[in-house]
Amino acid sequence: MLKQKDKLHYETQLLAGLERYEREVGLLNGITYFENRQALIEQIIDSIRRVQYVQAIGSQQISQDRVDPNSSLFDPLKAAVFYRNNGNHDEACWLVYLAIHFGKHLVDGWRLTRDIYGALGMTNGPFTWQVMQGYPNAINDWLSQNYQAMRNDGVSRRFGNHRKYETLRPTSKGTGAAVRSYVDWVMRYGSHGDWFDRSIKTAQGDRREAFSWLYRTMRVHKFGRTAKFDYLTMLAKLDLAPIEANSAYLTGATGPLSGAKLLYGGRTTSSLSADKLDASLIELAKYLDIGMQEMEDALCNWQKSPGRYVAFRG
DNA sequence: GGTTATACGCTCCTGTCGAT
DNA sequence: ATCGACAGGAGCGTATAACC
């Protein structure tokens, strides 16, 4: 939680940044009315806070319960930090992938991630990176066997909001196949570390360019625009890869794109192109001194209710 | 030719609403 | 209360068109 003092500080800074941008670059038609401007600022502050919250996990002491999929306290992101601190970079990144693929549900929390990673406490689990490396089909096969039982045991294991179109149903392109394609993808490079090294080398050390390369070249089933963006920004926040979002990636987006259209064109159906809006947002973020992840997140939440601040849930 | 942007179809689950 | 139809959601994958 931001302290009140911090919040006022951000409000002042963001308001000044927006005014300076409008003086020097151009008008923002979506925030002509002060309540719209205020709602946008509130959403940006919320986004900053969410990023800081995850970054803070990175410097916490992690309890063993967080790492153990048989514990109700299991948390894949905290577990990732634990493994990072203990020199197991692959396991850390693998847990981030699982966390993003399944997502955290508003009510069920990490239950789905926990039960797949931990194989419901069965002896063939947990499905660590070590296991997956030797047998990339481990989760795929296990899921085919246990899918029905999982559906019928009365436990609610829903996907997170960003992953609400996914299914556990064992099809040729379901979760099992998706997970396998991720393992195969990383193995092409040898390890997560080798993969990220390649991106840094290709980008000649530029964190934003490295992010861009990873986003453009990554090919994993069911990892489209939203999942890739969430995954890469999570690696960055937990300090697992030296990268940084270089754009809001509006091409192919729904919420963030309509937020940007609203901000620049005054309405969500404005015909401004994703490309031009992306470029404008990069400039705007400089004026506001915020990252592109915060920008993308804030616009999506703002456009749901542009005239009145509504806290985002889930 | 190869790459990238758009249009569209497909899928899943949840919440709502009216009818029973 | 319970059921079923229905719409809607920060999505994904594919074909096609548009672009070097």
*State the OH-OG1 distance between A:Tyr231 and A:Thr233, to the nearest 0.5 angstrom.*
11.0 Å
_I need the A:Thr254 OG1 to A:Arg225 CZ distance, nearest 0.5 Å._
7.5 Å
Residue [X], side-chain heavy atoms: nucleotide from [options] that is nearest:
X        : options                : result
A:Arg158 : B:dC13, C:dG9, C:dC12  : B:dC13
A:Lys222 : C:dC12, C:dG9, C:dA10  : C:dC12
A:Arg163 : B:dC13, C:dC12, B:dA5  : C:dC12
A:Lys304 : C:dA10, C:dC12, B:dC13 : C:dA10

For [X] and [N], is the shortest distance between a side-chain N/O and OP1 or OP2 below 4.0 Å?
X        : N      : answer
A:Thr226 : C:dC12 : yes
A:Lys164 : C:dA10 : yes
A:Asn161 : C:dA10 : yes
A:Thr251 : B:dT4  : no

*Between A:Tyr215 and A:Lys228, is there a cation-pi geometry (under 6.0 Å to ring centre, at most 45° from the normal)?*
yes
*asked:* Using a 4.0 Å heavy-atom cut-off, does A:Glu296 contact any base of the nucleic acid, only the sugar-phosphate backbone, or nothing at all?
replied: base
May I have the distance from [X] (atom [atom1]) to [N] (atom [atom2]), rounded to whole angstrom?
X        : N      : atom1 : atom2 : answer
A:His221 : B:dC10 : NE2   : C1'   : 16 Å
A:Phe223 : C:dG11 : CZ    : P     : 14 Å
A:His101 : C:dC12 : NE2   : P     : 11 Å
A:Leu250 : B:dT4  : CG    : P     : 18 Å
A:Asp275 : C:dC19 : CG    : C1'   : 12 Å
A:Asp230 : C:dC12 : CG    : P     : 9 Å
A:His105 : B:dT14 : NE2   : P     : 7 Å
A:Arg219 : C:dC12 : CZ    : C1'   : 14 Å

_Rounded distance in Å between the P positions of B:dC10 and C:dA10_ = 22 Å
*Watson-Crick or G-U wobble partner of C:dA10, both distances under 3.5 Å*: none
*asked:* One thing to verify: whether A:Glu24 and A:Lys286 come together as a salt bridge, which I'm taking to mean a side-chain N less than 4.0 angstrom from a carboxylate O.
replied: no
*Is it true that A:Asp197 and A:Lys201 make a salt bridge, defined as a side-chain N closer than 4.0 Å to a carboxylate O?*
no
*No-H, no-angle donor-acceptor pair, A:Asp297 side chain to C:dA10 base, under 3.5 Å*: yes
